[in-house]
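For reference, the structure discussed in these notes is given below.
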Protein chains: 2
Amino acid sequence: MRISELSRRSGVPNATIKYYLREGLLPPGRATAATQAEYDETHLRRLRLIRALVGVRGLSVASAKQVLEAMTEHRTDPHEVLGIAFGIRPSTAGATDTAEGDGTAGANPEAAALVDAMGWSVSEHNPARQIIDRTLRTLRSLDVEYDWRALLPYADLAERTARYDLDRIESITDPLEKAERAVLLTFLLEPALMALRRLAQENESTARHGGGEHQQGPVRRILP
Amino acid sequence: MRISELSRRSGVPNATIKYYLREGLLPPGRATAATQAEYDETHLRRLRLIRALVGVRGLSVASAKQVLEAMTEHRTDPHEVLGIAFGIRPSTAGATDTAEGDGTAGANPEAAALVDAMGWSVSEHNPARQIIDRTLRTLRSLDVEYDWRALLPYADLAERTARYDLDRIESITDPLEKAERAVLLTFLLEPALMALRRLAQENESTARHGGGEHQQGPVRRILP
DNA sequence: CAGATTAGACAGTGCCGCTACCCAATTGCC
DNA sequence: GGCAATTGGGTAGCGGCACTGTCTAATCTG
């Protein structure tokens, strides 16, 4: 199909598709002539994925590009995909961010302590470490007593979360599809998981300091 | 103190403080004359909070304003604070967002089913419901079979997370401080929790399809 | 061969989070 | 009391980002 049909089928404006092509988010079509290129279903799929990451999840175009690159390059081992390419935050990069050089590894003692305590096997370079250390530092700068030990319960829950995540994709055999699913479940689920947390917070809060109108207690689920 | 000292002590440029004042993020100081106002420690604290929400967490200025308003107005019942003021996403609001009118309530059947199944008591108006429904719809549009039932395990984990969250603030007596702590732990912790999930994913993935270099298994923690 | 379509490039737009500048009022200091 | 420095308040501008509109030359379609 040509670009117009791609646009029509995806609902993404022509000009925007060209923009994604320029930015390298969408791989170029097979050029049939100087002013003609042919796109296929994979492009359509990729385009929908881009829109989900950028529009729904709110990733910046640059971040989405990293994710997609990781996804297609490391399609062989999807766990590379999961752990890769993040410092990623919503567009506006923080000012104090570029600081502390590329000595990215090693310089996150609290994350390291946490990973160690959990017995996790995780790359030194996983940028999630930075996020953890920075968050803890920020909290303390606001007079909240908080260190990596306070995160241990959350880490335990994260571990179980990760198990569900992995369960969901292990049945997929096609490696590319597997990588894509991993990306989708990791990123698109994030807002939903945070939303669940907020719902649970409201519920728990109501339960504790009686917002007390109506009691409830029907279908409780128990997990293995 | 006057604005310059506030600037010096917080590290936030003078002009930016004025900007926050204009946007209503920071309450005005006590005016002592036409061109003079007096700020105190609460302003400094608020300013640091703003920077954390906007700079570290990545909230838009408008979103941060909502959060801060909810925090100061509903300071009496912090569970109002927790459940309030969100559709909040990182700046760029999605195009398809404003759709489906203000019939915000009721129109999120999957979130409702989930809340019901969990036996939660949560306001119909909690915007987290929308996020959940939208996420599920997006996933399905990408050919991922996923409905609210798939979220049940996550909901259970969210419930436990919420319990830890509430444990952390219930000891605080001063209501304003309590509300502030709730905001901090809800919002600032979000990136860290997602980071933990990514670390756990990498670990779990390594464990399953042996990234197999070095085995480990030291200090495992067990939760109550 | 006429009319429509396309790839590719580039300038322009709107929004956002600042930031720089200006002005008149006020202050601290002598 | 005089004067430089500071302040509050307002307005305009800036840089980055995610598009969007337009132009051109080549190509396809009928």
Side-chain angles (χ1 to χ4, degrees), chain A residues 1-39 43 47 50-66 68 88-98, chain B residues 1-39 43 47 50-66 68 88-98:
Chain A
M1 79 188 87
R2 285 165 310 206
I3 199 171
S4 296
E5 191 179 347
L6 191 59
S7 168
R8 193 176 41 74
R9 287 229 272 156
S10 64
V12 179
N14 205 294
T16 305
I17 294 176
K18 288 182 179 183
Y19 169 63
Y20 291 150
L21 284 166
R22 236 176 301 135
E23 295 300 314
L25 285 166
L26 191 64
R30 188 176 48 84
T32 60
T35 67
Q36 223 81 14
E38 186 69 13
Y39 303 94
H43 289 90
L47 196 47
I50 292 168
R51 286 260 118 169
L53 291 177
V54 172
V56 177
R57 168 54 222 272
L59 287 186
S60 72
V61 166
S63 302
K65 184 182 176 184
Q66 286 182 54
L68 292 169
I88 291 178
R89 249 179 324 142
S91 36
T92 3
T96 46
D97 234 5
T98 40
Chain B
M1 76 188 90
R2 286 165 309 206
I3 200 172
S4 297
E5 192 180 348
L6 192 59
S7 168
R8 194 176 40 74
R9 287 228 272 157
S10 64
V12 179
N14 205 294
T16 305
I17 294 177
K18 288 183 179 183
Y19 168 64
Y20 292 150
L21 284 167
R22 236 176 302 136
E23 296 299 315
L25 286 167
L26 191 64
R30 187 176 50 85
T32 61
T35 66
Q36 222 81 15
E38 187 69 15
Y39 303 93
H43 289 90
L47 196 47
I50 292 168
R51 286 258 119 170
L53 292 177
V54 172
V56 177
R57 169 53 223 273
L59 287 187
S60 72
V61 166
S63 302
K65 185 183 175 182
Q66 287 183 55
L68 292 169
I88 292 179
R89 250 178 325 140
S91 35
T92 3
T96 46
D97 235 4
T98 40

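Here is the naming used below: chain letters follow the sequence lines, and residue numbers restart at 1 for every chain. Any value given below was found using the heavy atoms of this structure, including those in side chains, with hydrogens, waters and symmetry copies removed.
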**Request:** Might you work through the side-chain contact (heavy atoms from CB on, under 4.5 Å) test for B:Val61 and B:Tyr19, ending with a clear yes or no?
**Result:** CA-CA 10 Å; B:Val61 166; B:Tyr19 168 64; 4.0 Å; yes
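- Counting atom types as modelled, A:Lys18 pairs a side-chain N or O with a base atom of C:dA7 as donor and acceptor under 3.5 Å.
- Pairing each heavy atom of B:Val12 with each of B:Ser7, the nearest pair is O-OG, 2.7 Å.
- Atom OH of B:Tyr19 and atom P of D:dG13 are 18 Å apart (whole Å).
- Straight-line distance from the CD atom of B:Gln36 to the C1' atom of D:dT7: 5 Å, rounded to whole Å.
- Nearest approach of B:Leu25 to B:Ala64, heavy atoms of both residues: CD2-C, 3.8 Å.
- Of the residues in residues 4-17 of chain A, A:Pro13, A:Ala15, A:Thr16 come within less than 4.0 Å of DNA chain D through at least one heavy atom, sorted by number.
- What you find for A:Tyr39 and A:Leu6 is that their closest heavy atoms are CG-CD2, 4.0 Å.
- As a whole-Å value, the separation of B:Met1 CE from D:dG8 P is 12 Å.
- Computed from coordinates, the B:Arg30 CZ to D:dT7 C1' distance equals 15 Å when rounded to whole Å.
- One atom, CG of B:Leu47, and another, P of C:dG17, lie 16 Å apart when rounded to the nearest Å.
- Using a 4.5 Å heavy-atom threshold, the side chains of B:Thr32 and B:Arg2 count as separate.
- Each of B:Val61 and B:Thr35 has a nearest nucleotide on DNA chain C; the 5'-most of these lies closest to B:Val61.
- With C:dA7, D:dA18, C:dT27 as the candidates, the nucleotide lying closest to the side chain of A:Ser60 is D:dA18.
- For the OP1/OP2 pair of C:dA7 and a distance below 4.0 Å, the side-chain nitrogens and oxygens of A:Tyr39 include at least one atom meeting the criterion.
- When each of D:dC19, C:dA25, C:dA7 is scored by its nearest atom to the side-chain atoms of A:Ile3, the top-ranked nucleotide is C:dA7.
- For B:Arg51, a side-chain nitrogen or oxygen approaches OP1 or OP2 of C:dC18 to under 4.0 Å.
- Taking atom CG of residue A:Leu21 and atom C1' of nucleotide C:dT6, one finds them 12 Å apart after rounding to whole Å.
- For D:dC19, one of the phosphate oxygens OP1 or OP2 lies less than 4.0 angstrom from a side-chain nitrogen or oxygen of A:Tyr20.
- Taking atom CD of B:Glu23 as the reference point, atom C1' of C:dG17 lies 9 Å away to the nearest angstrom.
- Remark: B:His43 NE2 to B:Arg9 CZ distance equals 13.0 Å, nearest 0.5 Å.
- Smallest separation of non-hydrogen atoms from B:Ile17 and B:Leu26: CG2-CD2, 3.9 Å.
- One atom, CZ of B:Arg22, and another, P of D:dT11, lie 10 Å apart when rounded to the nearest Å.
- Nearest nucleotide to the A:Ala33 side chain, out of D:dT27, D:dT7, D:dT29: D:dT27.
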